[in-house]
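Below: one structure, written as structure tokens.
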Amino acid sequence: MDSLLTYENVDISFEKLPVVHDISFSLHEGEILALVGESGSGKSTLIRSALGLLNDNGKVTKGEISYKGTNLLSLREKEMRQIRGAEIGMIFQDAKGSLCPIRTIGDQILESMSAHRKINKDEAKAKALELFEKLNFKDSEKLWNSYPFELSGGMNQRAAIAITMLLNPSILLADEPTSALDVAVQKQVVEEMLALRELFGTAIIIVTHDISVAAAMADTVLVLKDGYMMEYGPAKEILHNPSNDYTKMLLSAVPRLKRRQEIV
Ligand SMILES: Nc1ncnc2c1ncn2[C@@H]1O[C@H](COP(=O)(O)OP(=O)(O)O)[C@@H](O)[C@H]1O
Ligand SMILES: [Mg+2]
């Protein structure tokens, strides 16, 4: 199977300080890759670099990041805007960051969809409600008319993910999408992402410090520590039979999460 997104020997620095070192991996169609590591290990930096979303002081100093054969690092901002959203969608820990608090979910969907293609309001709404139904949202019409402040944190995140998916990206980059949510709601968000993979064959990079989320979702796991790749391979092997001491520590250090694994 061809790779959708490939990192080859990628180094990233902020100012002159290197924070990501020599990372290589490939993401294939429909694959779910969990990027696991403690806070500050470089997970967000690594995925943001693909979309040119590092702050001004952040720079890929070595290596290549390519999407369907195109070197993303050589794109101008205008070209990158064609990729962001429509080809590679991204969601964040706090859905409030991606949703506007004072406009309805419906209005935000119309804006997002019309920014990328010509589509009339009725078509866009029909497409959105169809996706809401597929994702088992309770009252799609009500959700369409809701303001983010009227929704729970979990529902905001689920709506943000659905909005992102309405542009049919082939890759979803999800940066700690469940970290701000309580366990029961985390499970719904995890299930939503799994459903999207089933429905659309979306490839997903799930960034998480929570091993139970990785265990519930991932086909492959990449373990990062201080910007270095500790381990990369099939989730079954890495989560059940880790060879790396750091991975063993991650797995054993948090018994609370191990118990949660059974729930998720
Ligand atoms: N905008 C920035 N400027 C300077 N250093 C940064 C910036 N963003 C992140 N870093 C540094 O890069 C390292 C990795 O951060 P990050 O990618 O956010 O880790 P993670 O997502 O795994 O918690 C950290 O040491 C962090 O302090
Ligand atoms: Mg982060």
Side-chain angles (χ1 to χ4, degrees), residues 5 7-25 27 32-65 72-73 77 80 84 88-99 153 156-157 160-161 164 171-182 185-186 189-190 193 204-218 220-233 235 238-239 242 244-251 253-254 256-257:
L5 182 69
Y7 281 59
E8 261 178 286
N9 307 111
V10 169
D11 285 357
I12 305 171
S13 292
F14 285 104
E15 302 293 347
K16 290 280 180 304
L17 185 72
V19 294
V20 166
H21 313 272
D22 199 28
I23 301 295
S24 302
F25 67 87
L27 181 75
I32 300 183
L33 167 74
L35 193 52
V36 179
E38 290 168 295
S39 180
S41 57
K43 306 181 297 297
S44 298
T45 300
L46 192 59
I47 59 164
R48 293 175 74 93
S49 64
L51 290 177
L53 292 175
L54 298 175
N55 290 358
D56 286 345
N57 58 352
K59 200 171 172 350
V60 176
T61 55
K62 207 187 102 221
E64 199 172 292
I65 305 175
L72 294 175
L73 302 175
E77 177 56 26
M80 183 55 92
R84 240 182 253 140
I88 305 178
M90 185 154 181
I91 53 163
F92 304 91
Q93 175 169 341
D94 186 0
K96 291 198 191 84
S98 39
L99 297 174
N156 267 309
Q157 188 60 288
I161 295 172
T164 304
I171 301 177
L172 179 66
L173 304 178
D175 194 351
E176 308 254 12
T178 63
S179 299
L181 307 172
D182 65 35
V185 184
Q186 283 185 6
V189 171
V190 163
M193 286 187 282
I204 300 173
I205 299 183
I206 168 84
V207 169
T208 181
H209 62 267
D210 185 335
I211 297 282
S212 71
V213 170
M217 289 184 66
T220 35
V221 173
L222 192 160
V223 181
L224 265 189
K225 178 178 188 281
D226 300 332
Y228 290 93
M229 189 161 91
M230 293 290 108
E231 205 157 16
Y232 171 49
I238 291 185
L239 299 179
N244 181 276
D245 284 342
Y246 180 72
T247 312
K248 284 181 195 162
M249 192 280 285
L250 273 186
L251 282 163
V254 202
R256 187 174 61 86
L257 297 183

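Indexing begins at 1, ligand by ligand and atom by atom, following the structure's order.
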Contact check: T45 to the Mg ion (ligand 2), N/O/S below 2.8 Å: no
Distance from I211 atom CD1 to T247 atom OG1, nearest 0.5 Å? 8.0 Å
Nearest atoms (heavy-atom pairs only) where [X] meets [Y]:
X    : Y    : result
L33  : Y232 : CD1-CE1, 3.9 Å
I12  : L46  : CD1-CA, 4.2 Å
H21  : D226 : CD2-O, 3.5 Å
V20  : G42  : CG2-O, 4.0 Å
Y246 : M230 : CD2-CG, 3.8 Å

Residue, atom name and distance, where the atom is the protein heavy atom closest to atom 16 (P) of ligand 1: T45 OG1, 3.6 Å
Considering only the protein, which heavy-atom contact is closest to atom 1 (N) of ligand 1, and what is its distance? N55 ND2, 3.2 Å
Whether K225 and E231 form a salt bridge (side-chain N of Lys/Arg under 4.0 Å from carboxylate O of Asp/Glu) is what I want to check. no
Would you mind listing which atoms of ligand 1 come within a distance below 4.0 Å of any non-hydrogen atom of E38? 22 (O)
Below a 4.0 angstrom heavy-atom separation, can you tell me which part of N57, side chain or backbone, both or neither, approaches ligand 1? side chain
Could you pull out, from P18, S44, S13, the option with a heavy atom nearest to atom 18 (O) of ligand 1? S44
Could you work out, for atom 24 (C) of ligand 1, the closest of G42, G58, G40 by heavy-atom distance? G40
Within a distance of under 4.0 Å, is there any protein heavy atom near atom 26 (C) of ligand 1? no
Please report whether ligand 1 has a polar contact with F14, defined as an N or O pair separated by less than 3.5 Å (distance criterion only). no
Are any of the N/O atoms on V19, whether in the backbone or the side chain, positioned under 3.5 angstrom from an N/O atom of ligand 1? no
